[in-house]
Amino acid sequence: MTRAHLAIVGPTASGKSALALEVACTLGDVELVSIDSMQVYRGLDIGTAKPSPAEQAQVPHHLVDVAEPTDEWSVARFQQEARAVVVDIEARGKRALLVGGTGLYVQAVVDPLTFPPEDRAVREAILTRSAEHDLYAELTAVDPDAAAGIEPSNTRRLARALEVIELTGRPFSSFGTGLQTYGPTVFPVHLAGVWLPRDVVHQRIADRVVEMFDAGFVDEVRALRDTGALSRTAAQAIGYREVLEHLDGNGPSLDAVLDAIVIRTRQFARRQRMWFRRDPRIVWFGAPENPCSVLPALLASWSA
RNA sequence: GGCCGGGUAGCUCAGUCGGCAGAGCACGCGCCUGAAAAGCGCGGGGUCACCGGAUCGACGCCGGUCCCGGCCA
């Protein structure tokens, strides 16, 4: 018999992890797969709200602590490793419970996405000439379909499209129908979304950031800085960027840093909301306050 | 008490020579295929501290009032 895998998605601070742990303990035959672009880095613990060692001991967690903070990470790499993990879990007769809020990563695992090759040097060269050349016009000339889906001002995505074309000789748009196809997934999976009222999420974010500071977040960042520079990708993590700026010189005060982190986290949660809300395959479970209260409904839905 | 500077969007501030107000951030809505906790687009929002005056017309000029900051007493 082939039982479907499971997934819990949703905005940050909406209680996915706690809920997932309860699900795992109840079901007994699942292993967790973190779908999180920042929990992959060792040493980024407090700021990424990574599951504690005690929690990880209760049930196997995958794709947590699989890269050095000095390493670069990417969707393509995540896709490859996550799919391997799912195959592995399956081979042990268990089910995967995907848990996370990185929307693109969820789709990279679950949808038939093919990521064309990359060459950082080529991309950098394109980025460099973007000062002189109009990348949007350039892309429109060679791949109008791709250009139609990118804002003329979004240099980063324009450069990526041009990079792929230069590397493969094929139009960027030939590599996929886009993210909004929402066709059949590459393996059977129940997609569940947790949803809390916005003011509850905002409060949870504010509380969590204060807890992070109380738990020694600044020390964690300082230690990372002293060990070696965070990679380009790891340095994007919310909180780390802000605290680093504070530590390295005459940056803003810690109070200001805390406020900035709360704001950026809220904005992140908003983008996650936008991302997941579009996916018609996600079944939403709303809770007025405590996310774990949806557990019965969630399990009922999955056993049906 | 006197002198000087300031009161304009939720916040920080622009606003030339008088012609019914702008930016950044925040906030809201949305986009997304190798940085995605990234990147990008659109939008709402103002009794220009208050009162009076000159002017066709005032955020701007004149007079007064109230706040805030600094200096002097």
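To find a chain, count down the sequence lines: A is the first, B the second, and so on, and within it residues start at 1. No experiment lies behind these values; they were computed from the predicted model shown.
For the residue pair S34(A) and Q39(A), a side-chain donor N or O sits within less than 3.5 Å of a side-chain acceptor on the partner. S231(A) and D71(A) share no donor-acceptor pair across their side chains, judged by distance under 3.5 Å alone. Checked by atom type, the side-chain pair H62(A)/E31(A) shows a donor-acceptor distance below 3.5 Å. Between the side chains of E68(A) and W73(A), not a single donor N or O lies within less than 3.5 Å of an accepting N or O.
One can place CG of D279(A) at 15 Å from P of rU33(B), the figure rounded to the nearest angstrom. The distance from atom CD of E242(A) to atom C1' of rA38(B) is 13 Å, rounded to the nearest whole Å. Counting to the nearest Å, the C1' atom of rA37(B) and the CD atom of Q236(A) are 8 Å from each other. Rounded to whole Å, atom C1' of rA37(B) lies 13 Å from atom CH2 of W275(A). Atom CG of L158(A) and atom P of rC31(B) are 18 Å apart (whole Å). Put simply, CZ on R156(A) is 12 Å from C1' on rA37(B), counting in whole angstrom units. Straight-line distance from the CG atom of L104(A) to the P atom of rG34(B): 7 Å, rounded to whole Å. Atom-to-atom, CG of L230(A) to P of rA38(B) comes out at 15 Å; the value is rounded to the nearest Å.
Here the OG1 atom belonging to T155(A) is positioned 16.0 Å from the CZ atom belonging to R160(A), to the nearest 0.5 angstrom.
At the heavy-atom level, D111(A) lies nowhere under 4.0 Å from the strands shown. Here R264(A) lies in heavy-atom contact (under 4.0 Å) with sugar-phosphate atoms only. Contacts of Q180(A) with the nucleic acid, taken as non-hydrogen atoms under 4.0 Å apart, involve only primed sugar atoms and P, OP1 or OP2. Within the nucleic acid shown, P152(A) has no heavy atom closer than 4.0 Å to any nucleic acid atom. Among the protein residues, G178(A) comes within range of the nucleic acid bases, having at least one heavy atom under 4.0 Å from a base atom. At a threshold of 4.0 angstrom between heavy atoms, the contacts of Y105(A) are confined to the sugar-phosphate backbone, with no base atom among them. Across all strands, R271(A) comes closer than 4.0 Å to base atoms (heavy-atom distances). Residue contacts shown for F78(A) are absent, as no nucleic acid heavy atom lies under 4.0 Å away. Using a 4.0 Å heavy-atom criterion, one finds that T265(A) contacts no nucleic acid atom at all. Residue T102(A) is classed as a sugar-phosphate contact, given heavy-atom separations below 4.0 Å to backbone atoms only.
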Can you give the dot-bracket line for RNA chain B, where a pair is Watson-Crick or G-U wobble with both atom distances under 3.5 Å, crossing pairs use [ ], and | marks a partner on another strand? (((((((..((((.....[..)))).(((((.......))))).....(((((..]....)))))))))))).
What side-chain donor-acceptor pairs closer than 3.5 Å can you find for residues 197-204 of chain A, not counting sequence neighbours?
| residue | atom | partner | partner atom | Å |
| --- | --- | --- | --- | --- |
| Q203(A) | NE2 | D207(A) | OD1 | 3.0 |
| R204(A) | NE | A13(A) | O | 2.7 |

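Comparing rC3(B) with rG44(B), their P atoms sit 46 Å apart, to the nearest whole Å. Nucleotides rG24(B) and rC62(B) are separated by 35 Å at their C1' atoms, to the nearest Å. Here the separation of rC29(B) from rG15(B), taken at their P atoms, is 34 Å to the nearest Å. Across the P atoms, rG64(B) and rC20(B) are found 29 Å apart, a figure rounded to whole Å. Nucleotides rC40(B) and rG34(B) have their P atoms positioned 15 Å apart, rounded to a whole Å. Separating the C1' atom of rC50(B) from that of rU12(B) is a span of 24 Å, rounded to the nearest Å. Spacing between rC25(B) and rU47(B) at atom P, rounded to whole Å, works out to 23 Å. Rounded to whole Å, the C1' atom of rC17(B) lies 11 Å from the corresponding atom of rG60(B).
Residue L113(A) places its side chain closer to rU33(B) than to any other of rC40(B), rU33(B), rA38(B). Nearest nucleotide to the side chain of T48(A), out of rA37(B), rC29(B), rU33(B): rA37(B). The side chain of L127(A) approaches rA35(B) more closely than any other nucleotide in the set rA38(B), rA35(B), rC31(B). With rU33(B), rA35(B), rG39(B) as the candidates, the nucleotide lying closest to the side chain of R123(A) is rA35(B). The side chain of H202(A) has rG28(B) as its nearest neighbour among rA36(B), rG34(B), rG28(B).
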Each nucleotide N or O in nucleotides 24-26 of chain B that has a protein N or O under 3.5 Å away: list the pair and distance.
| residue | atom | partner | partner atom | Å |
| --- | --- | --- | --- | --- |
| rA26(B) | OP1 | Q267(A) | NE2 | 2.8 |

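Put simply, the residue from T265(A), V262(A), T12(A) that forms a side-chain contact (heavy atoms from CB on, under 4.5 Å) with R208(A) is T12(A).
Listed for the R95(A) side chain is no donor-acceptor partner under 3.5 Å among the backbone atoms of L6(A). Side-chain atoms of E166(A) never come within 3.5 Å of backbone atoms of V122(A) as a donor-acceptor pair (strictly under, hydrogens ignored).
The phosphate of rC29(B) (OP1 or OP2) has no side-chain N or O of R277(A) nearer than 4.0 angstrom. Look at R160(A) and you won't find any side-chain N or O under 4.0 angstrom from OP1 or OP2 of rA36(B). Between R157(A) and rU33(B) there is a side-chain N or O to OP1 or OP2 distance below 4.0 Å.
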Could you go step by step and tell me if F217(A) and Y240(A) meet the ring-ring contact (aromatic ring centres under 6.0 Å, His included) rule? CA-CA 9 Å; F217(A) 180 51; Y240(A) 294 86; 4.9 Å; yes
Checking Y41(A) against T233(A) for the side chain to side chain donor-acceptor pair (under 3.5 Å) test, could you report, in this order, the C-alpha distance in whole Å, the side-chain angles of both residues, the deciding distance, and whether it holds? CA-CA 10 Å; Y41(A) 297 110; T233(A) 48; 2.6 Å; yes
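Side-chain contact check for V218(A) versus R222(A): some heavy-atom pair is nearer than 4.5 Å.
Residue side chain R270(A) reaches the base of rG30(B) through a donor-acceptor N/O pair under 3.5 Å, judged by distance alone.
Atom CD of E124(A) has more than 12 neighbouring heavy atoms from other residues, nucleotides or ligands inside a 6.0 Å radius.
Across the interface with RNA chain B, nearest-nucleotide mapping of G103(A) and M274(A) shows M274(A) to be the residue nearer the 5′ end. A residue-by-residue look at T114(A) and S153(A) shows that T114(A) has its nearest nucleotide of RNA chain B further toward the 5' end.
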